[in-house]
Participant: 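Would you mind keeping the following structure in view while I ask a few things?
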Amino acid sequence: MNANEQLAQALRLAVDPPGGVSVDGLRDLVADDDSLRWDIATAAQRVGVSPHTLRYYERIGLVTVPRNPAGHRAYDAAAVRRLVFLTRMRTSGMPISDLRQYIELVDRGDVTIPDRLDLMLEHRDTLRAQIAQLQLALAATEYKIATYGGATQP
């Protein structure tokens, strides 16, 4: 499989993993629409976190949010894309300190791509190890369910 095919496969898995995430539901979240402007409540609801979390991410420098003429946060497409990434990484267990390091690298430009790649490779290894442990835990759970006469699931 060449590099382009690997990237295409990774993107497919990212937006439509086995077990399902609605691709339609993610389209708004990855839109590159310059007219996109969400208030904090809408952004929080669409991204799946609380407004408090969004304010926290802004306060610690993980995301910069433009303001509308009234001074209210107006989440544009770039901020939403970053929030999608941040929330996926937090869901996967990436520590805030690693996210801060990653965002600092991104903000410094393309010269940091090798360092960003190293962070992502390390995180992928961590995730793969966690998934392996979860698969063992699931197998043990299924075994116990079967020993108690319950039906196991594929």
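No experiment lies behind these values; they were computed from the predicted model shown.
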Participant: Which distance, rounded to the nearest 0.5 Å, do you find between the CG of Leu83 and the CZ of Arg46?
Facilitator: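 Leu83 atom CG to Arg46 atom CZ measures 13.5 Å (nearest 0.5 Å).
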Participant: When hydrophobic residues are tied together by side-chain contacts of less than 4.5 Å, even through go-betweens, does Met120 share a cluster with Leu105?
Facilitator: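 Yes; Leu105 is reachable from Met120 via cluster members.
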Participant: Give the cluster check for Ile60 versus Val65: same hydrophobic cluster or not, with ILVMFWY residues linked at side-chain heavy-atom distances below 4.5 Å.
Facilitator: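 Linked, Ile60 and Val65 end up in one cluster.
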Participant: What's the shortest heavy-atom distance between Ala44 and Ser50, and which atoms?
Facilitator: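 In terms of heavy atoms, the two residues are closest at CB-C, 3.8 Å.
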Participant: Please examine the side chains of Ser92 and Arg88, heavy atoms only from C-beta on, and report whether any two atoms are closer than 4.5 Å.
Facilitator: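 Result no, sub-4.5 Å side-chain heavy-atom pair not found.
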Participant: Check Leu62, Val49, Thr53, Leu99 against Arg90 for a side chain to side chain contact (heavy atoms under 4.5 Å, CB included) and give me the one that passes.
Facilitator: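 Filter result, single survivor: Leu99.
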Participant: With the 4.5 Å side-chain cut-off for hydrophobic clustering, are Leu127 and Tyr102 part of the same group?
Facilitator: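 No; tracing contacts between hydrophobic side chains, which count when under 4.5 Å, never links both residues.
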Participant: Applying the 4.5 Å side-chain criterion to the ILVMFWY set and letting contacts propagate, would Val80 and Val106 be lumped into a single cluster?
Facilitator: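 Shared cluster, yes.
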Participant: Name the residue from Asp39, Val47, Thr42, Leu54 that meets the side chain to side chain contact (heavy atoms under 4.5 Å, CB included) definition with Tyr75.
Facilitator: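 Going through the options one by one, the only one that passes is Leu54.
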Participant: What distance separates Arg37 CZ from Asp76 CG, expressed to the nearest 0.5 Å?
Facilitator: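 If I round to the nearest 0.5 Å, the distance is 5.0 Å.
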Participant: Output the distance between atom CD (Gln130) and atom OG1 (Thr126), rounded to the nearest 0.5 Å.
Facilitator: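 The distance works out to 6.5 Å.
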Participant: Does the side chain of Glu122 reach to within under 4.5 Å of the side chain of Met94, using non-hydrogen atoms?
Facilitator: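 Sidechains of Met94 and Glu122: no contact.
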Participant: Contact between Ile113 and Arg116 at the side-chain level, heavy atoms closer than 4.5 Å - yes or no?
Facilitator: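 Yes, side chains in contact.
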Participant: What verdict does the side-chain contact (heavy atoms from CB on, under 4.5 Å) test give for Arg67 and His72, after you've listed the backbone C-alpha separation in whole Å, the side-chain angles of each residue and the deciding distance to 0.1 Å?
Facilitator: CA-CA 5 Å; Arg67 302 287 178 139; His72 300 279; 6.0 Å; no
Participant: Give the cluster check for Tyr56 versus Leu86: same hydrophobic cluster or not, with ILVMFWY residues linked at side-chain heavy-atom distances below 4.5 Å.
Facilitator: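 Yes, Tyr56 and Leu86 fall within the same hydrophobic cluster.
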Participant: Rounded to the nearest 0.5 Å, what separation is found between the CD atom of Gln45 and the CH2 atom of Trp38?
Facilitator: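 Taking CD in Gln45 and CH2 in Trp38, the distance rounds to 8.5 Å.
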Participant: Can you confirm whether Asp110 is buried at CG, in the sense that more than 12 heavy atoms of other residues, nucleotides or ligands lie under 6.0 Å from that atom?
Facilitator: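 Incorrect, the count does not exceed 12.
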Participant: Kindly compute the distance separating CG (Asp98) from CD1 (Ile103), expressed to the nearest 0.5 Å.
Facilitator: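 It comes to 11.5 Å.
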Participant: At what distance, to the nearest 0.5 angstrom, does CD1 of Ile96 lie from CZ of Arg100?
Facilitator: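 Atom-to-atom, Ile96:CD1 and Arg100:CZ are 8.5 Å apart.
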